[in-house]
Amino acid sequence: MYAKVIVDVPAKQTNRAFDYFIPEKLREWVMVGSRVGVPFGPRKLQGFVVGLQDHVDYDPAKVKPIAEVMDLYPPLTPDLVELASWISNTYLCHEITALQAMIPGALKAKYERHVKISDTMAGKRNDEKHTIGQHSMLLPVQDEIISYVREKGSVEIETLLQKFAADGGSVKQLMLEGTLVEVQLIKDRMATKKILTVIPHEEPSQLLEWAEQLPGRSAKQKEVLQYFAERPYPIKLSELLNELSISASTVKGLADKGWLDIQEVEVFRDPYAERYFRRTEPLPLMPEQQQVFDRISQAVLDVRHQVFLLQGVTGSGKTEVYLQSIQTCLDQGREAIVLVPEISLTPQMVERFKGRFGNLVAVLHSRLSPGERYDEWRKIMLKQVSVVIGARSAIFAPFTRIGLIIIDEEHESSYKQEESPKYHARDVAVARAGQHQAVVVLGSATPSLESMYGTMRKNSDRALEQMSTATGNSYTAAAKSDSAARGSITAATTSQAAWSGTIQQQAAPFELLTMNNRVEGRPLPRVHIIDMREELREGNRSMFSRSLYKAIEERLHKKEQIVLLLNRRGYSTFVMCRTCGYVAQCPHCDISLTYHQSSRAIRCHYCGYAEREVTVCPSCTSEHIRHFGTGTQRVEEELSKLFPGIRVIRMDVDTTTEKGSHEKWLTMFGNRQADLLLGTQMVAKGLDFPHVTLVGALAADTVLNLPDFRAAERTFQLLTQVAGRAGRHELPGEVYVQTYAPEHYSIISASRHDYNSFKDKEMTLRKFHEYPPFHRLILITLSHEQIPLLMRTAEALAARLKELAQSLAPLPIEILGPVASPIARIKDRYRFQCMIKYRGEASISGLVQQAVASFEDVERQHKLTISIDVDPQVLM
DNA sequence: CGCGGACATTTG
DNA sequence: AAATGTCCGCGC
């Protein structure tokens with residue numbers, strides 16, 4: 001038997017499976033999805049088994065055997081292995097990168113090089129091999145080295161060289177002559193957690209009998225035995241020591257007598273272990289909820305792959321529909337995945353799921369320690385849970401019988417991973433659900449236009465899809481003849497041009513479900529648009545309009561709570577000299593530095609460069625230097641000035657980095673220990689506090705001014721979300737939106753809670769300007785330290801893309817650029833970008849791959865990098 | 001002729 | 001990615 005293995009080297013040349021022989025004794029253990037250690041050239045590497053076969057069609061003598069299997073159970077399921085291949089084809093990344101993204105960081109390989117005593121030397125005296133006659137040829141230090149290694153069994157080379165720093169040569173010599181041999185080890189970053197546990201050997205009666213036998217001075221040992229006679233065991237050693245206030249030696253004494261056992265037991269680090277979740281029962285559904293639930297649960301029961309787009313206004317009870325749909329899925333013996341944006345994965349959210357499904361739920365989010373994360377993941381793998389709730393990467397939960405995948409707040413851009421693999425969890429979810437004949441529910445109050453477009457595609461589009469598949473094939477042919485002509489592109493590249501697995505490349509139309517009413521018929525809050533230009537004209541230069549000021553004052557008086565949103569993006573806190581106009585810039589990036597009050601430093605967002613706060617202008621030595629823009633810190637200061645005694649909780653990157661701090665602030669606010677919650681985006685998501693009756697957006701339109709075609713969509717979504725925070729309970733809510741663009745359709749539609757009019761307007765504009773969802777984008781960014789080479793290469797790449805696109809005519813593919821990226825330099829590297837705009841039905845990943853492949857030499861020779869982003873969310 | 005360094009090749 | 005192989009210029 002042979003295994004196809006993808007090795008742990010993310011490079012173009014190694015981006016294919018290598019064959020390995022499976023030795024007889026490993027045959028039971030090697031499966032598709034196994035993690036294995038394999039010899040690769042002179043090295044030993046970790047790899048993933050992606051296929052099994054019983055012969056190779058070349059000289060089998062070339063095939064090396066698998067050295068080891070890393071896990072008791074394969075960490076990946078076969079469907080995930082296929083999905084990784086699909087991801088690498090769709091998002092143009094190395095297959096190993098996709099595979100690595102699917103397992104927790106704790107399982108990422110750590111390579112260690114050790115030395116040990118060679119087998120031929122193992123049983124001998126140190127000097128046996130090194131004697132002539134009576135005389136040892138070993139230097140004393142070499143003798144010492146050998147003894148040291150012999151004692152330890154094996155020693156990491158680094159450690160050994162450090163210990164015998166002055167005698168590196170001796171170590172080398174011993175290795176050269178074969179006394180010491182190198183062993184390459186592959187270790188996990190993180191081991192499973194083990195604790196010491198105490199277990200008695202006999203029944204209570206026997207324990208008491210033994211206790212009697214003990215001499216009087218062994219009072220403590222006696223106590224331990226009596227303890228076990230009465231209590232359930234096993235018990236943690238540490239707990240036992242605590243409880244009886246005894247030392248470990250007491251227990252050890254009993255263990256030495258053979259009366260009890262101290263064992264290492266594997267435990268799960270459970271971040272929610274200390275918490276009690278009150279069990280909840282399904283709530284009665286409103287008619288709308290019931291209809292939606294019926295559609296979803298019917299599809300689940302039918303085991304039919306179907307994508308639903310659930311558009312429900314804030315407060316319409318989407319979560320209850322999710323919960324009951326999941327119940328249907330569980331009742332069927334299948335598993336469910338719930339994706340939630342990182343910042344809305346709040347304790348409140350977790351509580352709702354743990355409350356309903358108890359310890360059947362695993363939770364995965366980035367604030368867990370690597371160990372906790374690994375343990376939650378293992379619960380999934382070991383089938384101890386059937387529901388996982390988590391951020392983006394939870395879509396890779398190693399379940400085997402998925403019935404339902406829910407993506408809450410599906411419009412959130414955080415579902416797109418910005419590093420390789422640059423996948424979109426929503427699209428991966430649809431692909432994965434297809435593998436399992438599972439149902440997908442995309443839930444949002446403000447669906448993304450991409451998902452909306454999915455519901456608009458009619459069956460007539462199916463014909464188009466089939467046509468495109470055909471065109472895709474003809475492209476492959478075209479690429480082949482092209483490569484033959486040039487003789488420069490390998491067959492492997494061409495064969496990767498089109499996905500040929502079993503995952504559907506084009507999804508079937510989505511079904512739209514809507515919920516327009518809030519639970520218990522509570523009205524949506526009234527939204528006031530405030531024209532800040534008007535305020536300025538009338539002499540109000542503060543960041544609060546007069547009406548918002550009054551509204552805040554009123555709530556403080558009535559002891560109701562307030563949420564204030566400051567949209568920080570585009571509202572940077574840059575440092576500027578008011579005399580000469582100097583702005584502090586990062587020396588390595590084309591971006592201004594932002595001011596951080598907590599550390600009294602100015603810092604670059606992109607490369608982390610930081611310097612001390614400046615009080616004197618470095619350019620003109622003026623002292624009129626100040627930080628501009630309205631950071632949350634400044635708003636907080638302003639609030640305490642305007643409303644003395646106001647209790648403000650500020651939530652932003654500065655105050656929520658510490659583990660659990662996010663949770664702490666929200667609990668405080670929920671307990672009404674503060675009057676006002678001030679924050680960035682993170683206060684807009686999913687929070688639900690009964691006493692919040694006022695929500696203010698201080699600068700609603702900052703996003704609007706960004707050079708991004710999704711600016712209006714983002715603005716609309718944010719305002720709708722934040723407005724949904726008010727008046728969710730008995731007290732009615734009110735929303736104030738401050739803006740310099742009060743006539744903009746995104747702001748007007750949001751203030752009227754009118755998704756449809758926004759969507760219609762935006763769709764028309766997108767279609768007119770040939771933007772997504774009607775056209776799709778691929779962003780190619782090139783970076784290098786020098787502009788001339790960069791420009792030349794970017795232009796050559798664009799030309800090559802155009803040339804290749806020609807062969808696809810008449811399919812509409814447009815190559816835009818190259819132009820300098822919006823952030824033209826990061827970490828001392830200049831950046832240029834090309835944009836490919838094409839109609840969704842064209843399959844062009846192969847084309848891009850091929851074009852980029854012809855610049856491999858430049859990439860290698862000049863250390864130029866080319867990165868590809870399929871369906872980019874942020875155009876920077 | 002032997003050496004070091006740049007560069008290309010290979011990894012099953 | 002990293003180890004190995006190849007080639008070339010250089011000093012002797």
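Atom set for the values below is all heavy atoms of this structure, side chains included, hydrogens, waters and symmetry mates excluded. Below, read A as the first sequence line, B as the second, and so on, with proteins coming before strands; counting in each chain starts at 1. Because the structure is predicted, anything quoted here is derived from the model rather than measured.
Residues A:Gln53 and A:His55 bring no donor and acceptor atom of their side chains to less than 3.5 Å of each other.
Of all nucleotides listed (B:dT11, B:dG12, C:dA3), B:dT11 comes nearest to the side chain of A:Gln13. Looking at the side chain of A:Phe40, the nearest of the listed nucleotides C:dA3, B:dT11, B:dA8 is B:dT11. Here the nucleotide nearest the side chain of A:Asp19, chosen from C:dT4, B:dG12, B:dA8, is B:dG12. Across B:dA8, B:dG12, C:dT4, the shortest atom-to-atom separation from the side chain of A:Pro42 is found for C:dT4.
One atom, NZ of A:Lys4, and another, C1' of B:dG12, lie 9 Å apart when rounded to the nearest Å. Rounded to an integer number of Å, the gap from A:Leu45 CG to C:dA3 P is 10 Å.
Between A:Arg43 and B:dG12 there is no side-chain N or O to OP1 or OP2 distance below 4.0 Å.
For B:dG12, the base has a donor-acceptor partner in the side chain of A:Tyr58 [N/O atoms by modelled type, under 3.5 angstrom].
For A:Arg392 and A:Glu342, the salt-bridge test fails: no basic side-chain N is under 4.0 Å from an acidic carboxylate O. A salt bridge links A:Lys416 to A:Asp869: at least one charged side-chain nitrogen sits closer than 4.0 Å to a carboxylate oxygen.
The ring of A:Tyr20 has its center no closer than 6.0 angstrom to the ring center of A:Tyr2.
Using a 4.0 Å heavy-atom criterion, one finds that A:Tyr20 contacts the sugar-phosphate atoms exclusively. Using a 4.0 Å heavy-atom distance criterion, A:Val9 is classed as a base contact.
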